[in-house]
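Single-structure report; data block below.
From a predicted model like this one, the values you see are computed outputs, not experimental measurements. Residue numbering restarts at 1 for every chain, and letters A, B, ... go by the order of the sequence lines.
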Amino acid sequence: MPSSPQRRILVTSALPYANGHIHLGHLVEYIQTDVYVRFQRLRGQQAIYLCADDTHGTAIMIRARAEGRSERDLVAGMREAHLADFAGFQIAFDHYGSTDSPANRRLCAEIWQALRGRGLVVARQVQQLFDAAAGTFLADRFVKGTCPRCAAADQYGDNCEQCGATYAPADLVDPVSTLSGTRPEPRSAEHLFVTIEALHGFLDRWTRESGALDPRIANYLAGHFLGEPLRDWDVSRPAPYFGFEIPDAPGHFWYVWFDAPIGYLAATEEWCAAHGGTLADWWGRDSAAEIHHFIGKDITYFHTLFWPAMLEAAGLALPTKVRIHGFLTVNGQKMSKTRGTFLSARAYLDHLDPGMLRYYYAAKLSGGIDDIDLNLEEFTSKVNSDLVGKVVNLASRTARWLERSGLAARYPDDGGLFAMAAADGSAIAEAYEACDFARAMRTIMLAADRANAYVDAEQPWKLAKAGPEAAGRLQDVASVALNLFRQIAVYLAPVLPRLSEQAGTLVGGPIRSWEESQRPLAGLPVAGFTPLMQRVEPGQVEALLAAAREPAAEAKTTQHGGTTMDANTVGTDPAAAIEAEPLAAQCTIDDFTKVDLRVARIVAAEEVPEAKKLLKLTVSLGGDVTRTLFAGIKGFHAPESLVGRLVVVVANLAPRQMKFGTSEGMVVAASGAGAAGVYLLSPDAGALPGMRLR
RNA sequence: CGCGGGGUGGAGCAGCCCGGUAGCUCGCGAGGCUCAUAACCUCGAGGUCGCAGGUUCGAAUCCUGUCCCCGCCA
């Protein structure tokens with residue numbers, strides 16, 4: 001057949017930061033990229049998948065310091081952990097480098113020289129908060145203080161979570177360094193900037209006309225950045241900083257976001273050193289190679305503005321495609337440690353099969369920037385019905401009839417089923433190419449449905465009992481089913497490399513080419529069938545969630561002493577409470593606002609001897625504001641255990657005269673059918689008395 | 001009128017570009033099969049395709065308006 005010239009495709013995923021472990025959110029990207037690369041290879045293209053650890057920056061420096069070891073020691077340990085996690089999910093990099101490598105240092109210097117040479121680097125004084133005790137300038141996130149606009153306490157240095165204000169760390173009232181706990185002082189230092197405004201015209205054209213970006217992304221950039229002059233990009237940090245010192249600016253280091261993307265180049269060079277060729281073969285201006293970056297939507301501007309600007313200035317090739325995906329939510333919400341939905345790659349691998357997550361993500365990814373949701377109930381049903389019930393089941397129900405006879409010598413009449421699925425191949429390939437894996441999976445599953453219906457209609461189990469004269473027909477029917485299975489295994493090979501290997505072991509040998517989906521096999525031996533994939537048991541998912549909850553529960557306990565995390569297992573919450581007490585009539589936000597709920601600290605608690613249920617509490621709302629109130633929680637809490645803890649009170653409740661005194665408010669607690677008891681509410685760590693609930 | 005995405009049977013989605021009987025998976029109900037990892041197959045209930053107008057012989061699909069939800073971190 002006419003084979004088009006082989007494409008040469010360099011593919012990258014964003015570099016994971018060496019400050020933390022890989023979690024299921026990261027894996028959306030690595031799985032997406034890995035599937036794409038495997039697809040290209042299966043189609044006969046040359047594709048290399050490059051990545052590296054992102055190792056520099058303040059966060060690494062601080063963490064290493066806290067752990068009492070060197071940055072390089074920390075980074076080396078995390079690299080091992082990352083590689084093990086990736087391997088566990090069958091993510092097969094061709095090279096995995098590090099931004100802390102000699103190649104990267106040299107390439108940073110070269111790009112820097114190019115920027116200097118074009119007059120794009122300027123120096124300017126920047127005022128930042130300096131922690132004298134720790135001896136370092138503080139990034140925004142290492143400063144906390146009171147919001148200058150709304151006076152909310154304990155806000156980070158860049159914006160206020162309470163009122164949404166954005167500001168500089170130096171604007172904070174009473175700033176505190178989270179490193180040393182001391183008050184940092186403003187200090188000014190020289191920073192180096194890249195004046196990318198000089199490349200504004202180029203970026204305008206490139207974002208719109210190169211075809212590298214989805215038009216929606218180009219439009220977003222036009223609206224948010226390119227509609228006005230581009231701000232200079234601050235690319236240096238004064239010492240101390242873990243990174244590369246800038247050769248022509250002693251005492252200054254490249255900002256981590258400067259050297260990170262250059263890590264793509266360094267990884268390429270390192271790959272070439274091992275496999276031949278040169279950097280210019282891939283990144284040269286006139287190279288015919290394609291460059292595809294897979295990234296998350298949070299780092300869009302780095303890869304669509306700064307990075308192309310750097311490449312342009314350095315005279316290198318620009319990305320062919322920047323493919324942007326959304327975030328992962330778990331059961332519809334952001335991953336959260338306190339909710340027990342912060343799922344690490346390692347925890348997943350301890351409980352579940354990596355192929356299942358690869359398939360689930362593939363079934364969800366449609367090539368857009370929408371967030372994708374890992375709904376664990378859906379995960380279970382989808383994996384079980386699609387992979388186990390449909391695909392694997394095809395082999396499971398027919399392979400054993402061929403163990404002795406092997407495949408029929410000639411592929412039998414199957415009513416056009418194989419040809420139909422073969423014809424689907426081009427549509428499936430187009431979907432893969434567009435990263436619309438969801439469409440590809442849907443199409444593949446339809447083929448699996450048709451195959452199962454075929455088996456059902458032909459009733460091979462009856463043929464098996466019918467005696468020797470039906471043996472030929474039985475072999476034909478089973479041969480069709482097994483060919484249809486293997487055909488599906490070819491289509492799924494980018495997503496499920498393990499399954500495709502097993503399919504190859506069962507019949508026909510290793511799957512190496514997409515073309516194998518186009519012609520059925522005949523006259524080959526069939527191996528003994530071994531189960532290819534186990535179904536997901538709900539208990540496995542529960543165990544994963546329990547494992548995710550544990551560290552959070554510990555942290556919670558140490559903070560609050562008495563409080564413990566509720567068992568909050570997804571999908572198994574009892575219905576007693578909600579059934580016993582249906583929801584109240586709808587109210588408006590105004591109705592809700594009338595009730596002034598505040599965080600309060602219990603400063604005194606005593607029994608009311610004459611009362612059956614009441615404790616007398618004194619709570620602080622901050623400053624001098626206190627309330628004395630009676631709470632119906634006697635018997636559930638020992639008074640002394642309550643002192644000091646934070647609760648929620650209705651602060652504007654009309655005072656009420658009771659037999660034992662005046663109650664000036666009400667403590668909020670949960671109770672209802674399903675469990676006896678009264679459960680006080682506690683805010684997350686960081687809440688302070690007087691804060692309002694809204 | 002800031003930009004963009006979305007609103008389709010209980011849940012999650014496809015269909016919309018190129019108008020023509022509303023489809024898939026899960027769940028639910030009934031039946032079948034018993035080869036298969038309580039898997040598979042068939043049938044059924046369930047939707048005025050956010051709302052209101054318009055174009056058209058005909059609109060989920062095109063146009064206008066409107067409501068609601070989500071995202072927009074140099």
Side-chain angles (χ1 to χ4, degrees), chain A residues 140-141 156 158-159 161 164 166 193-194 196-197 214-235 255 257-258 296-307 309 324 326-327 329 331-334 360 363-364 366 368-375 377-402 431 436 438-439 441-446 448-465 474 477-478 481-482 485 529-537 571:
Chain A
D140 295 352
R141 46 190 292 222
Y156 283 108
D158 49 356
N159 65 75
E161 292 181 330
T166 59
F193 291 78
V194 176
I196 60 168
E197 173 60 13
D214 183 303
R216 282 172 295 195
I217 299 295
N219 181 51
Y220 156 80
L221 294 170
H224 287 73
F225 301 101
L226 296 168
E228 54 193 83
L230 293 163
R231 279 186 247 164
D232 295 345
W233 183 30
D234 184 353
V235 293
Y255 174 48
W257 261 110
F258 180 82
K297 65 184 182 184
D298 53 327
I299 54 176
T300 296
Y301 42 74
F302 288 106
H303 284 81
T304 56
L305 298 176
F306 298 157
W307 179 231
I324 304 173
F327 297 145
T329 56
N331 289 332
Q333 297 185 298
K334 279 188 187 174
Y360 184 81
K364 286 278 176 181
S366 56
I369 59 166
D370 312 308
D371 292 350
I372 72 168
D373 185 43
L374 170 58
N375 179 293
E377 270 183 64
E378 187 193 358
F379 169 84
T380 304
S381 78
K382 194 157 194 66
V383 165
N384 284 346
S385 54
D386 287 2
L387 293 184
V388 181
K390 287 177 184 168
V391 176
V392 165
N393 192 226
L394 256 184
S396 174
R397 65 195 303 202
T398 56
R400 67 196 199 100
W401 287 310
L402 298 174
D436 190 351
R439 178 183 294 272
M441 296 306 108
R442 279 199 304 273
T443 310
I444 294 167
M445 286 309 140
L446 289 178
D449 284 338
R450 294 193 300 263
N452 275 304
Y454 168 85
V455 174
D456 215 66
E458 296 300 327
Q459 306 187 327
W461 54 92
K462 287 193 176 161
L463 298 170
K465 287 174 186 160
L474 174 64
V477 170
L482 211 53
F485 165 71
F529 179 79
T530 50
L532 304 174
M533 185 177 281
Q534 298 298 316
R535 356 185 70 239
V536 184
E537 300 299 333

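RNA chain B is contacted by both A/Phe529 and A/Asn375; A/Asn375 maps to the nucleotide lying nearer its 5′ end (nearest heavy atom per residue). Looking at which nucleotide of RNA chain B each of A/Asp234 and A/Ser385 is closest to, the 5′-most match is held by A/Ser385.
Residues A/Trp401 and A/Phe529 have side chains not in contact (no heavy-atom distance under 4.5 Å, counting atoms from C-beta outward).
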Quick one: which protein N/O atoms are closer than 3.5 Å to N/O atoms of nucleotides 2-9 of chain B? Pair and distance per line, please.
residue : atom : partner  : partner atom : Å
B/C3    : O2'  : A/Asn219 : ND2          : 3.2

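For the pair A/Ile324 CD1 and B/G71 C1', the interatomic distance rounds to 14 Å; values are reported in whole Å. We find that NZ of A/Lys382 is positioned 8 Å from C1' of B/C13, with the value rounded to whole Å. Distance A/Asn452 CG to B/U42 P: 10 Å, rounded to the nearest Å. For the pair A/Lys390 NZ and B/U37 C1', the computed distance is 16 Å after rounding to whole Å. Counting to the nearest Å, the C1' atom of B/C40 and the CZ atom of A/Phe485 are 16 Å from each other. Taking atom CE of A/Met445 as the reference point, atom P of B/U25 lies 12 Å away to the nearest angstrom. Between the C1' atom of B/A36 and the CD atom of A/Glu458 lies a distance of 17 Å, rounded to the nearest Å. Atom CD1 in A/Ile372 sits roughly 14 Å away from atom C1' in B/C13 (whole-Å rounding).
In the set B/A74, B/C35, B/C41, the nucleotide with an atom closest to the side chain of A/Trp461 is B/C35. Comparing B/A74, B/U37, B/A36 against the side chain of A/Val388 picks out B/U37 as the nearest. Proximity note for A/Lys297 (side chain, C-beta onward) versus B/A74, B/C41, B/G71: the nearest is B/G71. Comparing atom distances between the A/Phe306 side chain and each of B/C35, B/A74, B/U37 picks out B/A74 as nearest. Closest approach to the A/Asp456 side chain among B/A74, B/C26, B/G32 is made by B/G32 (side chain taken as heavy atoms from C-beta onward).
When both distances must be under 3.5 Å, the Watson-Crick or G-U wobble mate of B/C57 is B/G20. Using N1 to N3 plus N6-O4 or O6-N4 for Watson-Crick, or N1-O2 and O6-N3 for G-U wobble, each under 3.5 Å, B/A36 pairs with nothing. Pair check for B/G71 finds B/C3; Watson-Crick or G-U wobble, both atom distances under 3.5 Å. When both pairing distances are held under 3.5 Å, B/A30 makes a Watson-Crick or G-U pair with B/U42.
Nucleotides B/U55 and B/G9 place their C1' atoms 29 Å apart, quoted to the nearest Å. Comparing the P positions of B/G23 and B/G47 gives an interatomic distance of 14 Å, to the nearest angstrom. The separation of B/C13 from B/U34, taken at their C1' atoms, amounts to 33 Å, rounded to a whole angstrom. If you take atom C1' in B/C24 and the same atom in B/C63, they sit 30 Å apart, rounded to whole Å. The same atom, C1', is picked in B/C3 and in B/G10; the two are 34 Å apart, to the nearest Å. On the C1' atoms, B/G15 is 15 Å away from B/G7, given to the nearest whole Å. The gap from the C1' atom of B/C28 to that of B/G12 amounts to 16 Å, rounded to the nearest Å. Nucleotides B/C43 and B/G54 are separated by 41 Å at their C1' atoms, to the nearest Å.
Qualifying side chain to side chain donor-acceptor pair (under 3.5 Å) partners for A/Asn219, counting only residues two or more places apart in sequence or in other chains: none. With sequence neighbours excluded, the residues that form a side-chain contact (heavy atoms from CB on, under 4.5 Å) with A/Asn375 are A/Asn331, A/Tyr360, A/Asp373, A/Glu377, A/Glu378. The side-chain contact (heavy atoms from CB on, under 4.5 Å) search around A/Val391 returns A/Met445, A/Ala448, A/Phe485, A/Ile488, A/Leu492, A/Leu499, not counting sequence neighbours. Residues that satisfy the side-chain contact (heavy atoms from CB on, under 4.5 Å) test with A/Asn452, not counting sequence neighbours, are A/Lys390, A/Asn393, A/Leu394, A/Arg397. Judged as a side-chain contact (heavy atoms from CB on, under 4.5 Å), and not counting sequence neighbours, the contacts of A/Asp298 are A/Phe327.
Across all strands, A/Asp449 comes closer than 4.0 Å only to sugar-phosphate atoms, never to a base (heavy-atom distances). Using a 4.0 Å heavy-atom distance criterion, A/Gly389 is classed as a sugar-phosphate-only contact. Counting any heavy atom pair closer than 4.0 Å across all strands shown, A/Asn393 reaches a base atom. Among the protein residues, A/Met533 comes within range of the nucleic acid bases, having at least one heavy atom under 4.0 Å from a base atom. Counting non-hydrogen atoms under 4.0 angstrom, A/Phe302 reaches nothing in the nucleic acid.
A/Ser396 places no side-chain N or O within 3.5 Å of a backbone atom of A/Val392 that could act as its donor or acceptor partner. A side-chain donor-acceptor contact under 3.5 Å links A/Asn384 to the backbone of A/Val536.
In terms of phosphate contacts, A/Lys465 brings a side-chain nitrogen or oxygen within less than 4.0 Å of OP1 or OP2 of B/C35. A close approach under 4.0 Å does occur between a side-chain nitrogen or oxygen of A/Arg535 and OP1 or OP2 of B/A39. Listed pair A/Arg439 / B/G15 meets the phosphate criterion, a side-chain N or O lying under 4.0 Å from OP1 or OP2.
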Is there a side chain to side chain contact (heavy atoms under 4.5 Å, CB included) between A/Leu446 and A/Thr443 once you walk through the steps?
CA-CA 5 Å; A/Leu446 289 178; A/Thr443 310; 5.6 Å; no
Between A/Phe306 and A/Trp257, is a ring pair (Phe, Tyr, Trp, His ring centres under 6.0 Å) present by the stated rule, with each step listed?
CA-CA 9 Å; A/Phe306 298 157; A/Trp257 261 110; 8.6 Å; no
